[in-house]
Number of protein chains: 2
Amino acid sequence: MDYQKVFQAFNTISPISDQAWADFRPLLESCSLKRNEYLVREGTNVNHCYLLLEGVIRVYYNKDGNEYNKTFFIPGMFPTPLTALISDQPSALSFQALVPSQLLRFSYKGFRGLFDQHRCFESLLLTILEQQWIKKERHDIQMVTNDATDNYLIFRETYPDLENMIPQYHIASYLGITPIQLSRIRAKLLQS
Amino acid sequence: MDYQKVFQAFNTISPISDQAWADFRPLLESCSLKRNEYLVREGTNVNHCYLLLEGVIRVYYNKDGNEYNKTFFIPGMFPTPLTALISDQPSALSFQALVPSQLLRFSYKGFRGLFDQHRCFESLLLTILEQQWIKKERHDIQMVTNDATDNYLIFRETYPDLENMIPQYHIASYLGITPIQLSRIRAKLLQS
DNA sequence: TCCATTCCTTAACATATGTTAATGCACAGG
DNA sequence: CCTGTGCATTAACATATGTTAAGGAATGGA
């Protein structure tokens, strides 16, 4: 069963006892999204954590009608509005499926409610945050120290095939440039 | 005694029991830095967490001889190489005092060693990471959606007086622009 | 099949920012 | 008191990137 994938994902990060898993399992549900459907809309309240099984999710913020892509999630990742959940405030970010997507989800409060009984879940969340923190810092350093051309090449390595699945203006926004500029970069890369 | 300030800082974030504090206290030490001295040098191993009592610390990364300022720490903050500590790898970042500074420090391993005995420390670290995560996300959104002029104005509000204590090229680097460009921005702001 | 929509590309132009260099101020050390 | 150093400012120029606009390929629906 697919639910087992959550166990594997969790247990790889930090060990989960059998009893803890048995108590957690009932929280799990499946969900799916069509192309361009939203997992989370900016300004709304959120309650769930997600594991992406199939598809692509983009996260972006919006200012004055302009969208700024922040990340892409591919299968195996947790496209979860962490900040909104832990601050218990409406999400500042939107999460949108760029292709038809399959996910598993569980209630954040339900998960958190297990902390007293099963400390391994608190350790798990701590470890996840630590890993995300490290990943984010490396990503930030990379984005600031490299130019758009290098970051585009790194993007292609980091998300194999993704380039062919989504419009290029989403990649441009992720890189912090216009689609026109990305097109120029691509043209230069081809001729060299 | 100054050590008490760590207790206050901790306890404000997440409650610390008396016994936990008694066991933690012996880990605390004072340290101080002269102007331009380093708390952490890129590429070195690190062992401590810090609380800044007095002074200013900048964090930056280095690529091809160019320095990119990432953050400034002012009193009350924890200028700690978190990523290096939790990944147990040499620091990719440098931490440098920009003015004479006073700090308290404690061993990260010693702190972590108290987790089994005093769960409140694990909860504390989790809460710190959560708060930092939220803060970082807001900061990222702000930096990406605003232009350099707005970010400069926000910098001045976020770090009152800091502008007069450190060279402007450090602020320019933090904003992702050249000192010349910052100078142009300042000139425009003055004339309007 | 045809048409409309979406999106990538290219060009021409405008603008913002980086680069190089010169000037002058302020401060610290001799 | 003088002088050197570090830093901010300004100008002139080069370059990169954004903007506007047009054209054309691919795709999906009628």
Side-chain angles (χ1 to χ4, degrees), chain A residues 34-38 56 58 60-69 72 96-100 143-156 159 161-192, chain B residues 34-38 56 58 60-69 72 96-100 143-156 159 161-192:
Chain A
K34 298 177 187 158
R35 193 169 97 95
N36 292 335
E37 252 189 321
Y38 281 83
V56 177
R58 75 163 172 138
Y60 68 91
Y61 27 83
N62 191 309
K63 171 149 185 187
D64 305 329
N66 297 312
E67 296 179 355
Y68 301 82
N69 285 344
F72 300 106
Q96 182 190 31
L98 296 180
V99 302
M143 292 295 277
V144 171
T145 56
N146 292 320
D147 62 18
T149 303
D150 289 335
N151 282 328
Y152 171 58
L153 293 172
I154 293 170
F155 164 84
R156 296 206 297 199
Y159 301 101
D161 304 324
L162 187 49
E163 182 169 25
N164 303 313
M165 296 169 66
I166 66 177
Q168 286 185 22
Y169 55 78
H170 279 143
I171 302 172
S173 168
Y174 170 77
L175 296 171
I177 57 179
T178 58
I180 289 94
Q181 183 61 10
L182 178 54
S183 195
R184 287 194 276 239
I185 287 172
R186 285 158 54 83
K188 265 196 189 168
L189 286 173
L190 282 178
Q191 87 181 44
S192 60
Chain B
K34 296 176 188 159
R35 195 170 95 96
N36 293 335
E37 252 189 322
Y38 281 83
V56 178
R58 74 162 172 138
Y60 68 92
Y61 27 84
N62 191 308
K63 170 149 186 187
D64 306 328
N66 298 311
E67 296 179 354
Y68 301 83
N69 285 344
F72 301 105
Q96 184 190 28
L98 295 181
V99 303
M143 292 296 277
V144 172
T145 56
N146 292 319
D147 61 19
T149 303
D150 289 334
N151 283 328
Y152 170 58
L153 293 171
I154 293 170
F155 164 85
R156 296 207 297 198
Y159 302 100
D161 304 324
L162 187 49
E163 180 168 26
N164 303 313
M165 297 169 66
I166 66 178
Q168 286 184 23
Y169 56 77
H170 280 145
I171 302 171
S173 169
Y174 170 77
L175 295 172
I177 57 178
T178 58
I180 290 94
Q181 183 61 11
L182 177 55
S183 196
R184 286 194 277 239
I185 287 171
R186 286 159 52 84
K188 265 197 190 168
L189 286 173
L190 282 177
Q191 87 178 45
S192 59

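Protein chains get the first letters and strands the later ones, always in sequence-line order, with residue 1 at the start of each.
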Just by distance, do the side chain of [X] and the backbone of [Y] share a donor-acceptor pair under 3.5 Å?
{"X": "Asn69(B)", "Y": "Ser173(B)", "value": "no"}
{"X": "Tyr159(B)", "Y": "Phe72(B)", "value": "yes"}
{"X": "Gln96(A)", "Y": "Asn36(A)", "value": "yes"}

Rounded distance [0.5 Å steps], [atom1] in [X] versus [atom2] in [Y]:
{"X": "Leu175(A)", "Y": "Gln168(A)", "atom1": "CG", "atom2": "CD", "answer": "10.5 Å"}
{"X": "Met143(B)", "Y": "Tyr174(B)", "atom1": "CE", "atom2": "OH", "answer": "5.5 Å"}
{"X": "Thr145(A)", "Y": "Asp64(B)", "atom1": "OG1", "atom2": "CG", "answer": "8.0 Å"}

Exercise. Rounded to whole angstrom units, what separation is found between the CD1 atom of Ile166(A) and the C1' atom of dT6(C)?
Worked result: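 My rounded result for the distance is 15 Å.
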For this session: Figure out the CD/C1' separation between Glu163(A) and dC7(C), and round it to whole Å.
Result: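 Going from Glu163(A) (CD) to dC7(C) (C1'), I get 14 Å.
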Exercise. Which angle, rounded to 10°, do you find between the first-five-pair axis and the last-five-pair axis of the helix from dT1(C)-dA30(D) to dG30(C)-dC1(D)?
Worked result: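 Roughly 30° between the end axes, to the nearest 10°.
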Holding to side-chain contact (heavy atoms from CB on, under 4.5 Å), I want the full list of residues that pass it with [X], two or more places apart in sequence or in another chain.
{"X": "Thr149(A)", "result": "Asp147(A), Ile185(A), Leu189(A)"}
{"X": "Asn164(B)", "result": "none"}
{"X": "Tyr169(B)", "result": "Pro167(B), Pro179(B)"}

Exercise. Distance check: side-chain N/O of Gln168(A) vs OP1/OP2 of dT9(C), anything under 4.0 Å?
Worked result: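 True: Gln168(A) side-chain N/O within range (under 4.0 Å) of dT9(C) OP1/OP2.
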For this session: Respond yes when some side-chain nitrogen or oxygen of Tyr169(A) is under 4.0 Å from OP1 or OP2 of dC8(C), and no when none is.
Result: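 Answer is no, no contact under 4.0 Å.
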Tell me, please, which residues at least two apart from [X] pass side chain to side chain donor-acceptor pair (under 3.5 Å).
{"X": "Asn62(B)", "answer": "none"}
{"X": "Arg184(A)", "answer": "Gln181(A)"}
{"X": "Asn151(A)", "answer": "none"}

Exercise. So where does chain B start and stop touching DNA chain D, 5' to 3', when the test is distance under 4.0 Å to a non-hydrogen atom?
Worked result: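 Going 5' to 3' along DNA chain D, contacts run dC7(D) to dA12(D).
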Short N/O separations, protein against nucleotides 22-30 of chain C, under 3.5 angstrom:
none

Exercise. Would you call Arg35(B) and Pro100(B) a side-chain contact if the rule is heavy atoms closer than 4.5 Å?
Worked result: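 They are in contact (side-chain heavy atoms under 4.5 Å apart), so the answer is yes.
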Problem set entry | Residue pairs involving residues 161-181 of chain B (criterion salt bridge (charged side-chain N to carboxylate O under 4.0 Å, His left out); sequence neighbours excluded) |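 Applying salt bridge (charged side-chain N to carboxylate O under 4.0 Å, His left out) to every pair that reaches into residues 161-181 of chain B, excluding sequence neighbours, yields Arg156(B)-Glu163(B), Glu163(B)-Arg186(B).
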Exercise. Closest approach of Lys63(B) and Asn146(A), non-hydrogen atoms and distance?
Worked result: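 Heavy-atom minimum between the residues: NZ-OD1, 2.6 Å.
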For this session: Could you check which residues of residues 145-154 of chain B get a heavy atom under 4.0 Å from DNA chain D? Sort them by number, please.
Result: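 Nucleic-acid contacts, sorted: none.
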Exercise. What parts of residues 172-187 of chain A reach DNA chain C, counting only heavy atoms under 4.0 Å away?
Worked result: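 Ile180(A), Ser183(A), Arg184(A), Arg186(A), Ala187(A) - these, ordered by number, are the residues of the stretch whose heavy atoms sit under 4.0 Å from the strand.
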